[in-house]
Amino acid sequence: MSPLRNDTFLRALLRQPTEYTPLWLMRQAGRYLPEYCATRKRAGSFLQLCKSPAMACEVTLQPLERYDLDAAILFSDILTVPDAMGLGLYFEEGEGPKFERPLKDEDDIRRLAVPDPHDELQYVIDAVAEIRHALDGRVPLIGFSGSPWTLSCYMVEGGSSSDYRKVKSLMYSRPELMHQVLEITALAVTAYLNAQIQAGAQAVMVFDSWGGVMAHDAYHEFSLRYLQIIAEGLIRDHDGRRVPAIVFTKGGGLWLEDIADAGYDAVGLDWTMDIGRARALVGNRVALQGNLDPAVLFASPEAVAEQARRVLDSYGDHPGHVFNLGHGISQFTPPDNVAVLVDTVHQHSRQIRRPG
């Protein structure tokens, strides 16, 4: 594979000095881009888009053609893992993801098994290899997975939930069964991420999107514990260089210091945390990723630039910052505002680092 020409993102994750703050966006290949919408229409469905390595590669590269981003992220979905476990993922228009066979009882849970990523998930591994080849060393490629807790929420609820009634009932009434789901899922996530690394992913990220809905003790027992297990099982060196790992618990600011000790190189922050205060709390234990409110991108270009500078100024002239949104970019985001954001982050962070 071609040598990496821009490794600023990887160096920032390892808290090494960089000339500017690198930037990528969660869900950067998405519905706010007309070219993505055109490709998705051609694919016929979101799931078909995910399951076509060529099309997944095409949409992964689309935001890099528009913007001077410092990393690409694999185009896929976190629910590919439970789908590979046999739960039957499908999408209903306007209702989001659903499972044909959610975990309804003890027998369903006892039947859960770790899928072979080179069997049921080979289409994702092929996409990673194709994207890495197409990037040709331009920027690093990020692989990802959902966290065991977040995936389990979907697996037990059968889809999205507003109150997490089913999964929390299982967690509190039958904790041993909840742990069984989480243990199998943690093994599946670890194997899946390692297969992505072996196929060419140069960094990996675990999305604990629903970790913040839990009580303090429950988060530590049913989410953080399994995030630590994954961190311990990841391949951390491949092709002669470190493979950094990022963890992101949305709503996890209260547990920031505990998350920073979970074994990852970087911790993602949502927009509710002041990033300067977060940096003071974690010191040099981990890099930080984030954390602009995605809704800022609905505002004027001047407001976008101002808010981006605020995040950068709050973090200050310290290594270990990867600029990102505090959650995924909205489909209603004006594409021109993303260009303003990217340019502002690169320009202002260079000024912060300029001597004198």
Side-chain angles (χ1 to χ4, degrees), residues 6 8-10 12-13 18 20-37 39-40 49 56-78 131 135 138-146 201-209 244 246-250 266-273 275 287-299 301 303-312 315 321-349:
N6 177 0
T8 310
F9 165 72
L10 297 179
L13 290 178
T18 58
Y20 63 90
T21 300
L23 166 75
W24 71 279
L25 304 174
M26 287 187 275
R27 213 181 289 142
Q28 65 189 23
R31 286 179 287 176
Y32 73 104
L33 293 176
E35 56 267 40
Y36 167 86
C37 294
T39 306
R40 178 169 168 166
L49 182 55
C57 178
E58 181 180 331
V59 295
T60 297
L61 298 181
Q62 284 171 348
L64 299 176
E65 299 304 320
R66 271 189 182 251
Y67 311 116
D68 187 21
L69 296 160
D70 295 287
I73 182 165
L74 161 72
F75 182 82
S76 187
D77 191 87
I78 63 170
I131 296 163
L135 284 168
R138 188 193 318 186
V139 293
L141 174 61
I142 307 165
F144 73 91
S145 175
Q202 292 145 295
V204 291
M205 181 165 172
V206 181
F207 286 88
D208 189 28
S209 305
I246 311 162
V247 63
F248 172 60
T249 294
K250 185 172 181 289
V267 175
L269 302 175
D270 66 24
W271 64 89
T272 62
M273 281 291 292
I275 198 166
L288 293 176
Q289 178 175 277
N291 64 333
L292 186 73
D293 182 351
V296 167
L297 292 171
F298 302 144
V304 171
E306 178 190 355
Q307 293 299 321
R309 288 192 294 265
R310 283 191 180 190
V311 173
L312 292 165
Y315 192 87
H321 183 203
V322 172
F323 197 100
N324 208 314
L325 304 178
H327 198 47
I329 191 168
S330 166
Q331 63 175 303
F332 304 111
T333 299
D336 287 349
N337 275 358
V338 177
V340 172
L341 177 65
V342 174
D343 292 344
T344 301
V345 169
H346 285 162
Q347 292 169 14
H348 191 65
S349 61

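Counting begins at 1 with the first residue of the sequence. Being a predicted model, the structure only gives us computed values, none of them experimental.
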**OP:** Please test Asp208 against Lys250 for side-chain contact (heavy atoms from CB on, under 4.5 Å), starting from the C-alpha separation and ending with a verdict.
**Re:** CA-CA 7 Å; Asp208 189 28; Lys250 185 172 181 289; over 6 Å; no
Original post:
Looking at side-chain heavy atoms only, is the closest gap between Leu292 and Leu341 below 4.5 Å?
Top reply: yes
Original post:
Does the side chain of Arg27 come within less than 4.5 Å of Gln331's, by heavy atoms?
Top reply: no
**OP:** Using only heavy-atom distances, determine whether the side chains of Asp293 and His327 contain a donor-acceptor pair under 3.5 Å.
**Re:** no
Subject >> Gly268 versus Ile246, closest heavy-atom pair with distance >> reply: N-CG2, 4.2 Å
**OP:** To the nearest 0.5 angstrom, please state how far the CD atom of Gln289 sits from the CG atom of Leu269.
**Re:** 8.5 Å
Original post:
Taking side chain as C-beta onward, heavy atoms only, is Leu69 less than 4.5 Å from Pro63?
Top reply: yes
**OP:** Find out whether His348 and Tyr20 are in side-chain contact, i.e. whether some heavy atom of one side chain is under 4.5 Å from a heavy atom of the other.
**Re:** no
Subject >> Donor-acceptor contact present, side-chain Asn337 to main-chain Leu297, <3.5 Å >> reply: yes
**OP:** Measure from the ring center of Phe207 to the ring center of Phe144 and say whether it is less than 6.0 Å.
**Re:** yes
Original post:
Are Glu65 and Arg138 close enough for a salt bridge, meaning some N to O gap below 4.0 Å?
Top reply: yes
Original post:
Where the side chain of Gln307 meets the backbone of Val296, is there a donor-acceptor pair that is under 3.5 Å apart?
Top reply: no
**OP:** Let me see the working for Val311 and Asn291 under side-chain contact (heavy atoms from CB on, under 4.5 Å), right down to the final yes or no.
**Re:** CA-CA 7 Å; Val311 173; Asn291 64 333; 3.9 Å; yes
**OP:** Check whether any side-chain heavy atom of Leu49 sits under 4.5 Å from a side-chain heavy atom of Thr39, and report yes or no.
**Re:** yes
Original post:
Can you tell me if Tyr67 and Asp343 form a side-chain donor-acceptor pair at under 3.5 Å?
Top reply: no
**OP:** Describe, in one word, how the ring planes of Tyr315 and His321 are oriented to each other, choosing from parallel (under 30°), tilted (30 to 60°) and perpendicular (over 60°).
**Re:** parallel
Original post:
Are Asp70 and Asn6 linked by a side-chain donor-acceptor pair shorter than 3.5 Å?
Top reply: yes
**OP:** Taking the side chain as every heavy atom from C-beta outward, state whether Val139 and Phe9 have any pair of such atoms under 4.5 Å apart.
**Re:** no
**OP:** Look at the side chain of Gln28 and the backbone N and O of Leu25, then say whether any donor-acceptor pair between them is shorter than 3.5 Å.
**Re:** yes
**OP:** State whether the side chain of Ser349 and the backbone N or O of Thr21 hold a donor-acceptor pair below 3.5 Å, judged by distance alone.
**Re:** yes
Subject >> Intermediate values then yes/no, side-chain contact (heavy atoms from CB on, under 4.5 Å), Asn324 and Leu23 >> reply: CA-CA 6 Å; Asn324 208 314; Leu23 166 75; 5.7 Å; no
Original post:
Quick one: which of Leu13, Leu74, Ile73 gives a side-chain contact (heavy atoms from CB on, under 4.5 Å) with Ile142?
Top reply: Ile73
**OP:** Check the surroundings of atom CZ in Arg310: do more than 12 heavy atoms from other residues, nucleotides or ligands lie under 6.0 Å from it?
**Re:** no
Subject >> From CH2 (Trp24) to CG (Leu64), nearest 0.5 Å >> reply: 12.0 Å
**OP:** Return yes if some donor-acceptor pair links the side-chain N/O of Thr60 with the main-chain N/O of Phe75 below 3.5 Å, else return no.
**Re:** yes
Original post:
Between Gln62 (side chain) and Glu35 (backbone), is there a donor-acceptor pair under 3.5 Å?
Top reply: yes
Subject >> Any side-chain heavy-atom pair of Pro301 and Val340 under 4.5 Å >> reply: yes
Original post:
What closest approach, in Å, do Gly143 and Ala201 show between heavy atoms, and which atom pair accounts for it?
Top reply: N-CB, 3.8 Å
Original post:
When Pro294 is tested against each of Leu325, Ile329, Thr333 for side-chain contact (heavy atoms from CB on, under 4.5 Å), which residue passes?
Top reply: Leu325
Original post:
Hey, mind stepping through Ser330 and Tyr32 against side-chain contact (heavy atoms from CB on, under 4.5 Å) and telling me if it holds?
Top reply: CA-CA 7 Å; Ser330 166; Tyr32 73 104; over 6 Å; no
